[in-house]
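Single-structure report; data block below.
Naming: A, B, ... by sequence-line order, numbering from 1 per chain.
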Number of protein chains: 2
Amino acid sequence: MSSSRPTIRDVADRAGVSVATISKVMNGRDGVAEDTRQRVKNVVDELGYVSRIGAQSLRAMRTGVIGVLVSGFEPYATEVLKGVAQGALHVPAVEIMAWSGTVGDAPPPTGWESRLLLRLGGSLIDGAIVIAPSLIDDPLLDLPLVMVDPHQGGERYPSVRVDDRDGARQAVDHLVELGHRRIGYLGGRADLESARERRAGYREAMSAHGLSTDGLMTEGDYTWNGAVGPATRLLHLPERPTAIFASNDMSALCVIEIAHAMGLEVPRDLSVIGFDDIPDANRAAHPLTTVAQPLTEIGVQAIAMLSDLLRGRTPEHQHLRLEAHLRTRGTTAAPA
Amino acid sequence: MSSSRPTIRDVADRAGVSVATISKVMNGRDGVAEDTRQRVKNVVDELGYVSRIGAQSLRAMRTGVIGVLVSGFEPYATEVLKGVAQGALHVPAVEIMAWSGTVGDAPPPTGWESRLLLRLGGSLIDGAIVIAPSLIDDPLLDLPLVMVDPHQGGERYPSVRVDDRDGARQAVDHLVELGHRRIGYLGGRADLESARERRAGYREAMSAHGLSTDGLMTEGDYTWNGAVGPATRLLHLPERPTAIFASNDMSALCVIEIAHAMGLEVPRDLSVIGFDDIPDANRAAHPLTTVAQPLTEIGVQAIAMLSDLLRGRTPEHQHLRLEAHLRTRGTTAAPA
DNA sequence: ATGAAAGCGCTAACAA
DNA sequence: TTGTTAGCGCTTTCAT
């Protein structure tokens, strides 16, 4: 019993067959006698043999693993991930592996996904799903790739997203129906299509209602920390808005906290509406009114598309756009 | 310009040198003329060449990346991860890569880490840090490994943890000082040392104060969902405890929510104390009183130990134990 | 300073 | 049904 990890050679020697036969058994190919197969399986168990992904991919040019890249493990990405995992059950012979390039507080360097994908592709993964990517204008990767919530100009890869513009419109309409007229906007990561679309949706809807947006638009980056500045600014405006539409839930929760710290009560003194419907939105002291994305469904669709790509088919829709739905909960009300 | 990803061969051909030279340049070996090195570098940039991890590790038996395995991306693991990332800056030539075996709601199958580690080790990673592992009694892996918050009997690998027993004692002492006598306990994942130690700490401290724990001890699993049952049970006890010590913050936050749903006010009607000090603990409507772990420091220490292991040194401490500190915030008060 | 050659562990034609 | 063989892309002696 060698101390080092067994190779296919060790298994072959021990089973008294050639390495080719072991390979066949390991990969479920046929052309192996049943008793040989059994004997090999026993030896494999006995030795605890596990094939090395590296060696495998080097030859087979595929690994049966797909990667999911996220810039950080925040709730939005995590929810989509769940959908991917769920959808993966319907894709035979695929393991999924999730990772994030950076884990600290610092925002990941632009283009980190390309570097990671380059190293991983052709070595470890057959394809990938990238959530809220920052890949911009980089070498076109020849790895099958699906983007969730792509950045602007990200049309080069198939994508799944929600109808952000329409969602934003729903948010504004809701607020206006309640009687609000000064509605502030807290934007998201400017390089993402979603942030631009939500912003555009807000402006369109405001203008459709004949309302001004002057001085009411601020920019965040979808993170809690990035929302602190703009939220504070909005709430200290000489004429404070009676409602704020935050472009995602994380920002909305931040707005609420800052409002509280200022002694404002939500929704009595300020209405707040978010976007996404992450689990925390429904768990907060004041359940957040928000525009819900079908997060799980997005994940399911993404892996379905990738699965098509993987077997050389063209996905039915190159750019899939799902519906957003308003969830009226406890943080919006008529203005005082 | 070939459409497929360039190999070391392509670079060599284009630069008019041998593959061996390319390899030397890529790995910073010397024995290459300065102008040759420059020429090679240019071609590398031009072609966008990136070496394939798989092929590399096959030959070199090392990859320069270390893995961090977590059972899920919950806040505790995420915070430790940050420390690891931070500590990695001091370890030359090491990239870190984080992943979780499962991403859905279902708990990962026992022993998933072993399987993953087996595939990854010797292929993709040189070593790994496993946070709150479930590896139990499996084939001893010959991969350099450091455990954070090891499971019971996990002494076979170096580990980093906090002084859980002492932390639990601090929690109980604090509650007793406030005047509580009926103190409920909501336990954590029973296979982890930390959960057993915190439990033991609670019992010891209670008994040191001459207090009974009869019917006051319940078991959760460190997750929100796993805390719902025990929390509900504790709060519906005929003689309701006036305080609950939850073995981690996630469970504590769940207790608070359930208490609220029952119309109880915290800390007026019920004191709650947690363990860990995850970011959410300080962000909640009622900032959570908790026993803080130095989460970042744990990560930093873990990678330092792994780094020693990687270069064949024996870490100074095989089992490092850091201090826990009480953070008195807004969820504990004297009983009514 | 550079290159030729051997081989890491594995899979896939092809031959037997 | 099985084994032989030729690499996959890379690093590393060892010659030159």
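- Side-chain atoms of Arg313(B) do not come within 3.5 Å of backbone N or O of Arg311(B) as any donor-acceptor pair.
- Over its length, the helix from dA1(C)-dT16(D) to dA16(C)-dT1(D) turns its helix axis by 40°, as judged from the five terminal pairs at each end, rounded to 10°.
- Residues passing the side chain to side chain contact (heavy atoms under 4.5 Å, CB included) test with Glu316(B), sequence neighbours excluded: none.
- Distance, Gln38(B) CD to dA1(C) P: 16 Å, rounded to whole Å.
- Salt bridge status for Arg9(A) with Asp13(A): present, with a side-chain N to carboxylate O gap under 4.0 Å.
- Salt-bridge annotation for Arg62(A) and Asp126(A): present, with a side-chain N of the basic residue lying under 4.0 Å from a carboxylate O of the acidic one.
- The distance between atom CD1 of Ile53(A) and atom P of dG9(D), rounded to the nearest whole Å, is 18 Å.
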Next item on the list: Determine, for nucleotides 10-16 of chain C in 5'-to-3' order, which nucleotides have protein heavy atoms under 4.0 Å from the base (write B), from only the sugar-phosphate (write S), or from neither (write -).
Entry: BBB----
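- With sequence neighbours excluded, the residues forming a side chain to side chain contact (heavy atoms under 4.5 Å, CB included) with His319(A) are Glu155(A), Ser159(A), Arg161(A), listed by chain and number.
- Judged as a salt bridge (charged side-chain N to carboxylate O under 4.0 Å, His left out), and not counting sequence neighbours, Arg321(B) has no contacts.
- Contacts of Glu79(A) classified as salt bridge (charged side-chain N to carboxylate O under 4.0 Å, His left out), with partners at least two apart in sequence or in another chain: Lys82(A).
- Between the side chain of Tyr157(B) and the main chain of Gln318(B), no donor-acceptor pair closer than 3.5 Å is present.
- Rounded to whole Å, the distance from CG on Leu58(A) to C1' on dG7(D) is 9 Å.
- Using a 4.0 Å cut-off, some side-chain N or O of Thr36(A) falls inside it from OP1 or OP2 of dT2(D).
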